[in-house]
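A quick note: this is a predicted structure, and the numbers were derived from the prediction, not measured. All chains are named by letter (A, B, ...) in the order of the sequence lines, taking the proteins before the strands, and each is independently numbered beginning at 1. Just the heavy atoms: all of them, side chains too, but no hydrogens, waters or symmetry mates, feed the values below.
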Amino acid sequence: LVKVRKNIDESLYEELEEIMIEADMGADIAIDLVENLRGEVRQRKIKEAVEVTPLLQELIQDVLGGENQALMLNVPGPVVVMVVGVNGVGKTTTIGKLAYMCKSQGQKVIIGAADTFRAAAIEQLEIWGHRVGVDVIKHQHGADPAAVAYDSLQAAKARNADVLIIDTAGRLHTKSNLMEELKKIYRVLRREIPEAPHETLLVLDATTGQNAISQAKLFNEAIDLTGIVLTKLDGTAKGGVIIGINESLNIPVKLIGIGEGLDDLRVFDAGEFAAALFT
Amino acid sequence: SLAERLQDAFKKLKSKGKLNESDVDLALKEVRRALLSADVNFQVVKDFMKRVRERAVGHDVLDSLTPAQQVIKIVHDELVGLMGGEESKINMASKPPTVIMMVGLQGAGKTTTSAKLARLLRKQGRKPLLVAGDIYRPAAIKQLEVLGSQLDMPVFSMGDKQRPPAIARAAKESAINNGQDVVIIDTAGRLHIDEELMEELFAVKSEIKPDEILLVVDAMTGQDAVNVANTFNERLELDGVVLTKLDGDARGGAALSVKAVTGRPIKFVGIGEKLDALETFHPNRMADRILG
Ligand SMILES: Nc1nc2c(ncn2[C@@H]2O[C@H](COP(=O)(O)OP(=O)(O)OP(=O)(O)O)[C@@H](O)[C@H]2O)c(=O)[nH]1
Ligand SMILES: Nc1nc2c(ncn2[C@@H]2O[C@H](COP(=O)(O)OP(=O)(O)OP(=O)(O)O)[C@@H](O)[C@H]2O)c(=O)[nH]1
Ligand SMILES: [Mg+2]
Ligand SMILES: [Mg+2]
């Protein structure tokens with residue numbers, strides 16, 4: 001994305017700042033990173049313009065914590081994964097893909113259909129369960145989501161499942177009654193297994209702008225998030241907002257969604273992510 | 001708030017004496033910052049700030065006792081001028097049925113908005129027919145049928161084995177036979193860079209020549225809004241935009257980006273998950289929201 005240049009000049013730094021803002025990193029973070037970059041360029045006595053962008057990628061990769069933070073699926077089962085997020089970001093689809101990923105690694109997976117609110121949410125999840133070949137625990141439409149979570153956990157224990165993934169209804173983080181409902185689901189799981197839910201994943205849509213920070217903050221306050229799934233990275237949006245979320249809330253991206261198929265889920269790679277910001 | 005930050009900025013600047021143009025430029029940095037943090041696209045902000053600056057370096061700011069207020073007024077007026085000026089109504093066909101096509105990215109709110117729009121149009125005296133044009137997403141047809149039954153609104157479906165242009169054609173004919181005068185076609189979410197699926201939308205358009213093509217955009221969309229809006233508009237020639245999920249705390253800068261880049265008006269806003277949560281667009285309220 002960066003123009004080819006001979007010299008390291010002000011226009012190069014301006015261009016990098018613009019690319020970062022357009023990647024949804026946020027103006028303040030972009031400005032800070034450009035300042036750090038200038039300092040590093042001086043410190044390392046860099047003279048070639050072509051070396052500047054890779055250096056910036058390196059700085060971004062450092063912010064993202066380096067080591068890839070995988071899902072903690074290696075504890076004695078059932079490992080409970082609770083999936084949350086605002087409306088339409090890709091929770092249900094991600095659960096289908098995650099179930100497939102776990103099953104492909106030889107794990108026995110069960111899905112809990114705790115979105116009892118949205119039209120045809122249960123049917124949608126059942127189709128995914130059928131595609132992957134895993135059981136979906138459900139109640140009737142309108143049932144208490146915490147009751148579905150509870151029953152799913154009992155079923156997971158009884159059937160010796162390795163992983164239980166719980167789908168929840170999309171909800172805006174600003175709706176306190178809906179956030180209370182989420183806390184209740186969390187408490188119900190925690191009462192049954194002290195470490196459950198082992199993973200609380202916030203699903204974020206890569207097309208989201210700065211509002212993602214507010215989403216991460218409020219969902220985290222409600223139920224202590226362990227990771228983020230960044231979806232729809234197969235589009236043109238870069239998802240740069242996760243850098244700010246990492247810096248201010250220390251929540252790592254663990255998985256990325258790159259399409260609508262069963263197989264379109266990848267473990268997050270900070271290096272690839274940093275590189276993609278500039279291509 | 002932006003108003004407070006501008007007041008602080010001008011206070012500092014005026015303490016050095018009479019205001020000049022470069023003082024105003026310094027203060028305008030706060031406006032630029034506010035727009036970017038509201039997710040207005042970078043290029044759109046650049047162009048917008050040029051217009052604002054032209055007006056902000058005039059005497060009604062430089063000589064004012066309340067320059068911050070003057071600047072806010074200029075910015076607000078420019079935002080309203082850019083986003084407003086059109087009526088929030090659907091283009092009705094001279095000969096029924098009026099055909100409306102709902103398009104947009106995955107998860108934007110098309111299916112829910114289709115049902116909301118049907119409800120709104122029925123309240124205005126129309127007889128809508130909802131059309132299940134998403135043959136890909138698991139249980140998409142079921143979702144629209146459930147919403148239709150909640151509203152006691154007819155839903156036309158041919159299952160997921162027929163292609164969308166054929167479904168749209170048959171739905172239009174069915175509406176004519178059953179006396180429905182508005183046909184609302186829900187389509188599958190798709191990426192603007194998916195050649196095949198964008199071509200499919202074009203095929204639906206060519207088949208039934210809609211009177212209204214609405215792009216459904218999530219209010220929390222960031223910088224990417226211009227790419228999406230531009231591509232959908234170039235391929236389909238949009239008639240309008242619906243901005244959804246405004247019941248959250250997203251500042252909604254995408255509204256300005258989409259209008260600036262396509263010229264198409266935002267006609268409706270989604271303000272909740274319930275089927276009565278659809279309102280006409282108010283540019284002054286949107287301007288307040290974007291400025292924070
Ligand atoms: N292109 C693309 N589309 C995706 C991805 N993940 C999900 N989607 C699509 O996004 C849309 C919404 O996905 P859902 O799984 O229903 O989202 P959700 O968060 O469960 O939605 P609610 O339950 O209504 O809040 C669907 O059309 C999915 O196919 C992705 O990584 N890439
Ligand atoms: N809070 C809120 N939620 C909304 C609004 N509009 C839609 N939703 C929710 O957003 C989610 C996605 O809505 P859908 O109508 O399924 O979106 P879609 O564009 O049809 O999705 P695809 O068909 O997968 O592309 C659902 O959970 C809806 O209930 C709104 O204005 N406010
Ligand atoms: Mg869902
Ligand atoms: Mg839909």
Side-chain angles (χ1 to χ4, degrees), chain A residues 17-28 30-31 86-93 96 117-128 130-131 141 169-175 178 205-215 218 231-232 234-241 259-260, chain B residues 32-33 35-43 45-46 105-112 115 136-150 188-194 217-228 231 244-245 247-254 272-273 275:
Chain A
E17 185 178 312
E18 177 176 344
I19 290 172
M20 288 194 280
I21 292 176
E22 290 181 328
D24 283 314
M25 281 171 55
D28 293 345
I31 290 170
V86 303
N87 309 71
V89 293
K91 298 177 293 299
T92 304
T93 306
F117 170 75
R118 209 209 64 212
I122 297 171
E123 288 85 339
Q124 181 188 6
L125 194 54
E126 284 190 297
I127 291 173
W128 279 108
H130 179 76
R131 282 181 183 175
H141 186 257
R171 69 203 65 220
L172 295 182
H173 46 299
T174 46
K175 306 204 168 168
L178 297 183
D205 186 327
T207 65
T208 307
Q210 298 308 300
N211 193 248
I213 305 204
S214 172
Q215 293 174 26
L218 293 185
T231 61
K232 308 180 197 171
D234 46 319
T236 49
K238 305 283 184 174
V241 69
E260 301 186 75
Chain B
R32 177 177 178 274
R33 220 171 134 238
L35 294 173
L36 286 175
S37 72
D39 293 320
V40 181
N41 176 267
F42 185 92
Q43 286 300 334
V45 171
K46 222 171 173 180
L105 293 182
Q106 291 91 344
K110 298 173 293 299
T111 304
T112 310
Y136 305 108
R137 170 173 154 153
I141 296 173
K142 186 86 211 289
Q143 182 186 5
L144 191 62
E145 287 176 337
V146 169
L147 295 180
S149 85
Q150 284 177 8
R190 68 205 61 215
L191 297 178
H192 51 298
I193 53 172
D194 187 324
V217 177
D218 193 322
M220 61 190 189
T221 309
Q223 297 287 311
D224 201 43
V226 297
N227 301 326
V228 178
T231 308
T244 61
K245 308 177 202 172
D247 44 319
D249 61 352
R251 297 260 293 281
E273 291 195 72
L275 297 179

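- Ranked by heavy-atom pairs under 4.5 Å with chain A, the first of Arg251(B), Glu145(B), Arg137(B) is Arg137(B).
- Among the candidates Glu273(B), Arg32(B), Gln150(B), the residue making the largest number of heavy-atom pairs closer than 4.5 Å to chain A is Glu273(B).
- A donor-acceptor contact shorter than 3.5 Å is absent between the side chain of Lys142(B) and the backbone of Glu123(A).
- Between the CD atom of Glu18(A) and the CZ atom of Phe42(B) there is a distance of 4.0 Å, given to the nearest 0.5 Å.
- Both the backbone and the side chain of Thr221(B) come within contact range of chain A, with heavy atoms under 4.5 Å apart.
- Neither the backbone nor the side chain of Val241(A) comes within contact range of chain B; no heavy atoms are under 4.5 Å apart.
- Proximity to chain B (any heavy atom under 4.5 Å) is restricted, for Asp28(A), to the side chain, taken from C-beta onward.
- Counting only heavy atoms from C-beta outward, the side chains of Tyr136(B) and Glu260(A) never approach each other to under 4.5 Å.
- Heavy-atom distances place no part of Leu144(B) under 4.5 Å from chain A, backbone and side chain included.
- Nearest heavy atoms, Leu172(A) versus Lys245(B): CD1-O, 4.4 Å.
- Rounding to the nearest 0.5 Å gives a distance of 8.0 Å between CG of Leu191(B) and OG1 of Thr236(A).
- Put simply, OG1 on Thr244(B) and CG on Asn87(A) are 9.0 Å apart, with the number rounded to the nearest 0.5 Å.
- What you find for Ile21(A) and Leu36(B) is that their closest heavy atoms are CG2-CD2, 4.0 Å.
- Of the listed residues Pro138(B), Ala219(B), Gly107(B), the one with more heavy-atom pairs under 4.5 angstrom with chain A than any other is Pro138(B).
- Thr207(A) has its side chain out of reach of Asp218(B): every pair of non-hydrogen atoms, C-beta onward, lies at least 4.5 Å apart.
- In this structure, a donor-acceptor pair under 3.5 Å is absent between the side chains of Asp249(B) and Thr174(A).
- For Ala237(A), the parts lying near chain B are the backbone and the side chain together; criterion is any non-hydrogen pair under 4.5 Å.
- Note that the CZ atom of Arg118(A) and the OG1 atom of Thr112(B) stand 7.0 Å from one another [nearest 0.5 Å].
- Under 4.0 Å is where a charged nitrogen must lie from a carboxylate oxygen, and between Asp224(B) and Lys238(A) no such pair does.
- The heavy-atom pair separating Val86(A) from Met220(B) by the smallest distance is CG2-CE, 3.5 Å.
- Proximity to chain A (any heavy atom under 4.5 Å) is shown, for Asp194(B), by neither the backbone nor the side chain.
- The shortest heavy-atom contact between Val146(B) and Ala119(A) is CG1-CB, 3.6 Å.
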